[in-house]
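The block underneath contains the structure these notes are about, expressed in structure tokens.
Indexing begins at 1, ligand by ligand and atom by atom, following the structure's order. It should be emphasised that the depicted structure is a prediction, and the values quoted were computed from it without experimental measurement.
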Amino acid sequence: MDHFEIRNGEMFAENVPLATIAAEVGTPVYVYSHSTLQRHAQVFRDALSALPRKHLAFAVKSNPNLSVLSVLRDEGYGADVVSEGEMKRALAAGIPASDIVFSGVGKSRRELAAALDAGIGQFNIESEEEGVELAEIARDKGGHAVATLRVNPDVDAGTHAKISTGKAENKFGVAYHDAAEIYARLSACEGLNLRGLAVHIGSQISDLAPSRAAFEKMGELMRQLRSAGHSVTHMDLGGGLGVPYRLGETLPGPDDYGAMVAEVTRDWDATIMFEPGRVITGNSGVLITEVIRVKPGVSAPFVVVDAAMNDLARPSLYDAWHDFLAVRPRGEMMEAHIVGPICESSDTFAKNRTIDVVEAGDLAVFRTAGAYGATMANTYNSRALVPEVMVKGDKWAVVADRIEPETIFAAERLPDWLS
Ligand SMILES: *Cc1c(COP(=O)(O)O)cnc(C)c1O
């Protein structure tokens with residue numbers, strides 16, 4: 001459920017007409033619903049209420065906007081970060097360092113040191129080499145790093161290849177069959193407090209069977225480690241739960257996921273950790289765009305909109321589907337291709353799609369744009385960096401400015417040997 005609905009013939013975000021935001025901020029613009037974010041955070045947490053000990057860390061990479069982070073902080077979420085920049089954002093949003101988990105396959109020495117200085121709660125290390133390096137840095141600082149070992153369970157998440165992370169050939173984690181030995185060696189490292197295992201098999205997961213299989217394998221490994229005398233108190237199950245991108249589509253939801261996790265982990269006697277991203281933010285945001293013009297095409301007309309692949313990259317990266325809805329629907333449908341202005345054929349949001357009839361000057365939205373939307377935006381074709389707005393009830397505010405090309409090229413320098 002979300003709070004983007006048609007009322008009296010036009011789409012609102014909570015109690016604010018999207019047309020008002022478009023008129024004042026311009027388009028394209030992302031709009032987030034505060035109530036939807038809050039609700040998703042609560043629904044996910046409530047779905048895990050059967051677990052005696054848990055920790056929730058919001059995956060910052062899905063939407064790192066400071067206002068979004070502060071909503072999640074108020075809901076009691078920590079943060080899962082994958083770079084020093086994300087760590088700085090989480091800290092700036094007031095998320096306690098001790099509730100931050102640092103994930104990622106390429107944490108640099110500098111990032112490891114900065115995270116130790118900040119007092120990060122847990123490092124999810126992805127190789128023996130990283131663990132040794134982290135232990136060394138922590139020892140030099142006269143302390144120790146709290147960590148889990150990320151394991152690659154060799155399970156196919158059944159999602160798009162570019163967002164699958166848990167197969168043996170993927171770069172993430174250590175190989176399942178090597179994990180016990182690596183855990184044993186790293187446990188002996190002074191400077192490292194290795195307290196558990198981590199797993200994350202992919203994103204936009206629409207079938208719970210692969211997750212269950214991965215978690216069961218992790219449970220096996222946990223028991224094996226314990227019987228070899230190692231301490232395993234924390235089990236991080238990652239994120240990845242999918243969301244419906246098409247109106248009417250049904251996917252396993254947080255309740256199904258929670259029930260599965262409760263069953264698999266019932267005798268684990270560990271703190272179970274989660275890193276949800278998309279399931280919290282995905283349907284909490286839309287991207288408003290204006291139709292520039294409609295031009296004839298061979299099989300259907302092209303609806304050329306002012307948003308492009310630089311603003312919302314998912315269709316060009318993953319062939320992702322985003323529903324396209326008119327802000328003031330006329331009640332008639334047309335078949336069209338939806339494209340942006342960028343000079344690449346991959347700047348295509350949809351082909352031969354049945355959509356609301358739109359004309360030049362009409363406003364429309366791409367739904368389910370709250371996750372991996374604004375955060376992946378760039379300025380290709382010297383377009384502005386897209387702004388973000390948050391709505392709460394009848395209040396709204398710009399929570400990230402549009403960054404104009406002049407601001408971007410102000411950081412460029414002409415060397416004195418160029419006239
Ligand atoms: C991306 C990522 C997540 C979040 O994934 P979602 O599909 O957005 O829930 C969680 N953990 C790790 C390690 C990730 O890389």
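Counting heavy atoms of neighbouring residues, nucleotides and ligands inside a 6.0 Å radius, atom CZ of Arg73 exceeds 12 of them.
The protein heavy atom nearest to atom 1 (C) of ligand 1 is Lys61 NZ, 1.2 Å. For atom 11 (N) of ligand 1, the closest non-hydrogen atom on the protein side is Glu275 OE1, 2.5 Å.
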Self-check item: Evaluation steps, salt bridge (Lys or Arg N to Asp or Glu O under 4.0 Å), between Lys141 and Asp117
Solution: CA-CA 9 Å; Lys141 290 182 183 294; Asp117 290 341; 3.0 Å; yes
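Near Ala59, meaning under 4.0 Å from any of its heavy atoms, are these atoms of ligand 1: 3 (C), 4 (C). Within ligand 1, counting atoms from 1 as listed, the ones closer than 4.0 Å to a heavy atom of Gly277 are 6 (P), 8 (O), 9 (O). The ligand atoms of ligand 1 that sit less than 4.0 angstrom from a heavy atom of Arg278 are 6 (P), 8 (O), 9 (O). Listed by number with element, the atoms of ligand 1 under 4.0 angstrom from any heavy atom of Gly239 are 9 (O), 10 (C).
Contact of the Leu317 side chain with the Met376 side chain is registered, since non-hydrogen atoms from C-beta on lie closer than 4.5 Å. Residues Val146 and Arg195 have side chains in contact (heavy-atom distance under 4.5 Å, counting atoms from C-beta outward).
Relative to the ring axis of Trp321, Arg367 does not place its NZ or CZ within 45° and under 6.0 Å from the centre.
Distances from ligand 1 to the non-hydrogen atoms of Asp80 include at least one value under 4.0 Å. Using a 4.0 Å heavy-atom cutoff, Ala371 is absent from the residues neighbouring ligand 1. Heavy atoms of Tyr372 approach ligand 1 to within less than 4.0 angstrom.
At a 4.0 Å heavy-atom cut-off, ligand 1 touches Arg150 through the side chain alone. The proximity of His200 to ligand 1, defined as any non-hydrogen pair under 4.0 Å, is limited to the side chain. For Ser203, heavy-atom contacts with ligand 1 shorter than 4.0 Å involve the backbone as well as the side chain.
Side-chain polar atoms of Asn15 and Arg7 form a donor-acceptor pair below 3.5 angstrom. Neither side chain, Thr36 nor Asn283, offers a donor N or O lying under 3.5 Å from an acceptor on the other. A donor-acceptor contact closer than 3.5 angstrom is absent between the side chains of Asn124 and Glu126.
On a distance-only criterion, Gly240 and ligand 1 share at least one N/O pair closer than 3.5 Å.
Relative ring orientation between Phe274 and Tyr257 is described as perpendicular, the plane-to-plane angle rising above 60° on a 0-90° scale split at 30° and 60°.
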